[in-house]
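Whatever order the structure lists them in is the order used to number ligands and atoms, beginning at 1.
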Amino acid sequence: MTVFAQAEFLRAVARSADLPAPGPPEIALAGRSNVGKSSAINALAGRRSLARVSKTPGRTQTINFYSLGDSARLVDLPGYGYARVPQPMRAHWRELVGEYLDGPREIAGIVLVMDARHPLTELDAQFLSWLSSVRAAPLVALLNKADKLPRSAQKRALDDVQRRLDGAPTTLFSSITLQGVDECRDLLAAWLRAGRENKKPPVKGM
Ligand code: GDP
């Protein structure tokens with residue numbers, strides 16, 4: 001059984017003041033609204049409806065925390081870049097996600113979920129650039145909805161993203177066919193192991 005099979009919903013956080021205290025290492029999922037983050041969480045956990053899959057993009061502006069037993073957490077960041085989300089909500093997004101990333105928690109890695117048909121859009125590039133100014137963490141790019149592309153186009157998308165991300169781990173993924181799910185689980189489990197092995201003593205007063 002993988003650690004992901006133990007996934008349980010912990011809480012949805014709408015305001016940075018409500019962020020849970022730092023606990024075990026966390027893996028955060030980011031991506032544009034509607035790219036399939038919730039579906040990817042369900043696929044990784046091997047569950048149908050742990051995370052709510054939406055047909056209406058951009059509604060959820062909460063950070064959703066899931067426990068993976070006592071040893072790790074999965075964190076679903078609110079999707080970015082939904083055009084119809086009004087400006088104050090975008091400011092809210094930046095404040096909430098910024099507080100999460102900038103805090104004292106241990107982030108073992110970040111999963112950037114993208115649509116294999118439109119990988120690394122301008123918004124994804126903006127997110128990556130902003131992310132690098134806030135927090136350094138290992139990154140994996142998931143090219144989700146790969147089932148919608150023929151094999152040749154999948155390969156082109158994979159090569160293109162790997163080249164543009166300077167060889168960062170990149171996985172073709174499908175929440176429907178489960179392509180790439182085991183590969184992704186293995187990588188995330190390795191991050192969590194590495195996080196546990198490098199664990200520093202807790203900072204006094206936290
Ligand atoms: P989120 O907003 O990023 O959490 O996206 P959701 O997980 O709610 O998915 C958005 C839409 O994309 C839903 O209609 C899903 O059924 C669909 N979807 C998600 N993953 C896949 C996939 O791998 N393949 C296909 N064909 N559709 C997907």
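- A salt bridge links Arg164 with Asp160: at least one charged nitrogen is closer than 4.0 Å to a carboxylate oxygen.
- Judged by the shortest distance from any of its heavy atoms, Ser174 lies inside the 4.0 Å radius around the atoms of ligand 1.
- When Lys37, Lys145, Arg117, Arg32 are checked for heavy-atom proximity to atom 3 (O) of ligand 1, Lys37 turns out nearest.
- By the 6.0 Å contact criterion, CZ on Arg47 is enclosed, its count of non-hydrogen atoms from other residues, nucleotides or ligands being greater than 12.
- For atom 26 (N) of ligand 1, the nearest non-hydrogen atom from the set Asp147, Leu178, Leu29, Val113 belongs to Asp147.
- Looking only at side-chain heavy atoms (C-beta outward), Leu96 and Gln61 stay at 4.5 Å or farther from each other.
- Atoms of ligand 1 lying under 4.0 Å from at least one heavy atom of Ser175, given by number and element, are 20 (N), 22 (C), 23 (O).
- The pair Asp159-Arg163 does not meet the salt-bridge criterion, since no charged nitrogen lies less than 4.0 angstrom from a carboxylate oxygen.
- Evaluated by nearest non-hydrogen atom to atom 25 (C) of ligand 1, the leading choice among Ile176, Asn144, Asn34 is Ile176.
- Residue Gly36 has at least one nitrogen or oxygen atom sitting less than 3.5 Å from a nitrogen or oxygen atom of ligand 1, judged on distance alone.
- For the residue pair Asp124/Thr121, the side-chain donor-acceptor check at 3.5 Å is satisfied.
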